[in-house]
K.L.:
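Pasting a structure below so you can have a look.
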Amino acid sequence: MSIINQNNTFIIQTNSNHYVIGVDKNGTNRFYYWGKKCSIEDYCADYVGFLTSNHTDLDGICQECSPFGLTMYRNFGLKAMFPDGCREISLDFIKSESDKNDLKLIFKDKCYSLEVILNYKTYDDSDIITKWITVKNTGNESIIFEKLFSGEFSLPGVKPYKFKNTNGSWGAEFLETETLLDGGSLIYESRRGTSSHINSPQFVAHQNADEKSGNVFFGVLEYSGNFKVEASRDLYGKTRVALGLNDFDFEYELTAGETFDTPKIHFGLSEGFGNMSRSLNRFAINHIFPKKFAKTPLLVLYNSWEATYFDVNTADQSRLAEKAAKAGVELFVMDDGWFGQRKDDHAGLGDWYVNEEKFPGGLTELINNVNKLGMDFGIWVEPEMVNPDSDLYRNHPEWAYHYDTRTPSELRNQLVLNMTKPEVQEYIYNCLSDLLSNHNIKYIKWDMNRPFSEAGAENLKHPKMLWYLHTKAVYDLVDRLKEEHPDVQFECCSSGGGRADWGAFRHFDMIWTSDNTDAIDRLNIQNGYTLTRPIKAMRAWVTDIEGYNRNTPLEFRFHVAMRGSLSLGGNMQKYSDEDMKISKEKIDFYKKIRNIVQFGDMYRLLNLDEDEISADIYVNEEKSKAVLFIAAVNTRCFKKSIPLFIDGLDDNKKYSFTFDNKEIVKSGAYLKNVGIPLEVRQQYYNKIIEINEVK
Ligand code: DGJ
C-alpha cells in the first residue's frame, strides 16, 4: 500500500492493483488506469485528444470528478450555482498532499471561492480503496450545489460491461440483476428517503467474470438515503460510472466557510465475484462496523414479532423468554407494541413511554425476568415516525414532513417526522436516552417502515436539503446514543432490509435482512445479500411455517438461518419437545461455529437457482476450520448426483470430515479439484459439515 507521485501522476498501489490518476498540463483532474500492477515509471500523463466541433476534449477524457460546464456534455459529478448566477465550475489544480496511505488533490475554482478536494485512502490489510470529495466554501456567500456526487470511475477497455445490481421489493430484497450496458445510460437509485429495498447503492461491473475468475470492478456507497448510480457508455466504447447523493430533488447550500464531505465510496478490483464479496466482508469487519462490537461475535437472539405481533405483555413475553433461554438464546428482543396506545399499527408511534396497561409498573419486571434467565434484553423502536393517532402528533402536527395545502399520505397509518428540526432530534434523543438510562437494555432494533411523501420542510431555507439532512440526523442520533450507552448494540431495520447499506454498516452493528422469513426464499435473498454486504451483519431468524411460509422442516429453517447471524422468531410457546430439542442442538452447534460464519471467508459453491442446490462454505482465516452448508428444496428427476468441488481450503493442508457416514481425509487441492460425490435426493435436503485440518 503506497501512493507514489510521479510529476502529478499519482499511482495508488494496493496489494494487487494500481489505480492511477493525475492532473494534466491544463490542471484538469484525470483518471488514467485501473488494473493489475505495471512498472511505475511507465505511467505518465500523456493524452491524445480528439477535438472536433461536436466532440470535445473534455467529453473524451476520463475524470475522477467532472464538474458540469465548459464543453463537457457527458454525465458529471458536480454542479453548483455561485452567488452571481454562474452555474459552471472550472477548476485549477493547487497542490497534492500525501502520505503512505492517504492522498488529497486540491483544486480551486478559477474565479469563485470554492475548493474541491479529491480524497483517497488505502489500507495495509486490504485491496480496497476509499474515495470521496470535499467541497470548501472559502468565501462570504453561499454556493448552492445541485449535484454533489462522491466520485466517478472509468472502466478499462472499450467492450461493454455488465452491471450487477438488485431489483427487489419489501420481502424480496437483494434479488440480483445483471444488465449489459452497450450504449446510453443505466441508472440505479432511490428516491424514497432510505436506500430502500429496490436497487443497491453500488456498482459491480464485469465483462465475463464468474465466482472465481474474471475482472470485477466494484464500489459501494456509504450512504443510507437517496442515492444514484449512473453508468454510461459512449460511442467510443468508454464506460463511466458515477455515484453519490441522488440529484433528484436535491440541493445543498454550502454556506460561507463551510466544508462538506460527500459519503465515501469503497471500491476495488477483484478476480471473480467471490473474491469481491470476501474482500468487502473482511473490510467491513476491520474498517467499517462501529469499533466496539466489530470483532465480537453476535449473540443468538430471539425476536417476539412473528410470535406475538403487537400483543405484548409481561406474562406472555416472560413465558416466551423462558422457552428461548431453554433453547440457548442469549438475547431476548421485544418487538413492536410496548409503548403509547399501540394495539395495532394505527396508533402510538412517537409516544415512546411504556404502555401501562400491558406493562403495569413498567418494563423492569420483564427485563428482570429475562436477565434472570441469563439473557440480555433488547427492544424495538421506530424513532423517525409518528402516527396521527398519538400524543406526539396531537401536540406537534408540524413535526411531520408536510405541505399545508396537501393531505398527508399515510402509509401503514404513519407519517415521517421532520428529522431536520433540532427540536424533533432532541425529542427523540431524550426519549431513547431515558429508555436506555432507566432500563437494563442492551439492544435497540431501530426500524423505519415507510418511504417519505409530501416532503415539505418549512423550517429549511433550502427544503430540498431534507433528504440528506434526515439521513445525517439518523446517523448523528445513533452515534450519540452509542457514545453515551456504549454497551448497547443497534440493529438497523427498515421494513426488513430497506436500509441494508454501507452507511448502516458504519453506524449500526447489524441489519435486519428481510421480513420474508420463508426459508426457501431466504436462500436467494441471503445469497444476493452476500454479494456486496458483510455476513456478520445479516440477522436471520428461524420462524414458523404457519402464515406465509412454506412447509419446511425446522432443521432446514435452522440450516438457512445459521448461514448468517442466527436468530429465532417463531412462537416458541407452541414448540413441541422435539422442536425444543432440535432448537437446543442447533443453537449449541451454532455457538461452536459462529466465529467461522461471522468472521470467516465465505465461498459460494452452488447456487439454488442455477444448480438446484445451494452450497456455501465458510472458512476461518487460518484455513484450519470450515463449515460447509448444503441445501436443496427439491431436485428434478429423482436425484442430482454431482461432484461437489470444495473451494476455499488450503491446497497443501489435509482435512478430515464425515460425509454421508463416511470419514473423508483429503488435501485441500483434492477437495477443490476432484471434489466429493454429492447425491441429493429427498425434499429439503440439508447438511452442515464441519471440516477440520488434520495436523
Ligand atoms: C417491520 C420489521 O421489519 C419487522 O421485523 C417488525 O419489527 C415490524 N416492522 C414491527 O412493526
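Quick note: residue numbers are just sequence positions, from 1. Counting convention: from 1, in listed order, for ligands and their atoms alike.
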K.L.:
Set out, in order, the CA-CA distance, both residues' side-chain angles and the distance that settles salt bridge (charged side-chain N to carboxylate O under 4.0 Å, His left out) for Lys442 and Asp487, then state yes or no.
P.N.:
CA-CA 6 Å; Lys442 289 282 163 51; Asp487 292 336; 5.5 Å; no
K.L.:
Please tell me whether Tyr427 and Trp399 form a close aromatic pair, meaning their ring centres lie under 6.0 Å apart.
P.N.:
yes
K.L.:
For residues Asn418 and Thr420, is any side-chain donor paired with an opposing acceptor at under 3.5 Å?
P.N.:
yes
K.L.:
Considering the heavy atoms of Gly496, write down every atom of ligand 1 situated less than 4.0 Å from one of them.
P.N.:
3 (O)
K.L.:
Centre-to-centre under 6.0 Å for Phe629 and Tyr618, is that the case here?
P.N.:
yes
K.L.:
Please report whether ligand 1 has a polar contact with Trp541, defined as an N or O pair separated by less than 3.5 Å (distance criterion only).
P.N.:
no
K.L.:
Suppose we measure from atom 11 (O) of ligand 1 to each protein heavy atom; which comes out shortest, and what is that distance?
P.N.:
Asp336 OD2, 2.7 Å
K.L.:
Within ligand 1, which atoms have a heavy atom of Trp512 less than 4.0 Å away?
P.N.:
3 (O), 5 (O)
K.L.:
Just checking Phe452 against His470, ring centres under 6.0 Å apart?
P.N.:
yes
K.L.:
Could an N or O of ligand 1 be found under 3.5 Å from any N or O of Trp305, whether backbone or side chain?
P.N.:
no
K.L.:
Using heavy atoms and a threshold below 4.0 Å, how should the contact between Arg412 and ligand 1 be classified: side chain, backbone, both, or neither?
P.N.:
side chain
K.L.:
Name the residue from Ile444, Leu432, Asp509, Leu481 that meets the side-chain contact (heavy atoms from CB on, under 4.5 Å) definition with Val488.
P.N.:
Ile444
K.L.:
Starting from atom 4 (C) of ligand 1, which protein heavy atom do you reach first, and at what distance in Å?
P.N.:
Asp515 OD1, 3.4 Å
K.L.:
Show the atoms of ligand 1 that are less than 4.0 angstrom away from any heavy atom in Asn449.
P.N.:
1 (C), 9 (N)
K.L.:
Can a cation-pi geometry be assigned to Arg480 and Tyr429, taking NZ or CZ under 6.0 Å from the six-membered ring centre and within 45° of the ring axis?
P.N.:
yes
K.L.:
Does any N/O atom on Phe310 come nearer than 3.5 Å to any N/O atom on ligand 1?
P.N.:
no
K.L.:
Which atoms of ligand 1 have any heavy atom of Cys493 under 4.0 Å away?
P.N.:
2 (C), 3 (O)
K.L.:
Considering non-hydrogen atoms of the protein only, which is the closest contact for atom 6 (C) of ligand 1, and what is the distance?
P.N.:
Asp335 OD1, 3.4 Å
K.L.:
Which residue and non-hydrogen atom of the protein lie closest to atom 5 (O) of ligand 1, and at what distance in Å?
P.N.:
Lys445 NZ, 2.8 Å
K.L.:
Classify the side-chain pair Asn286/Lys295 by whether it contains a donor and acceptor separated by less than 3.5 Å.
P.N.:
yes
K.L.:
Once rounded to the nearest 0.5 Å, what's the spacing between atom NZ of Lys326 and atom OH of Tyr575?
P.N.:
14.5 Å
K.L.:
Going by distance only, is there an N or O of Asp447 that falls short of 3.5 Å from an N or O of ligand 1?
P.N.:
yes
K.L.:
Please confirm whether Glu491 comes under 4.0 Å of ligand 1, counting heavy atoms of the residue only.
P.N.:
no
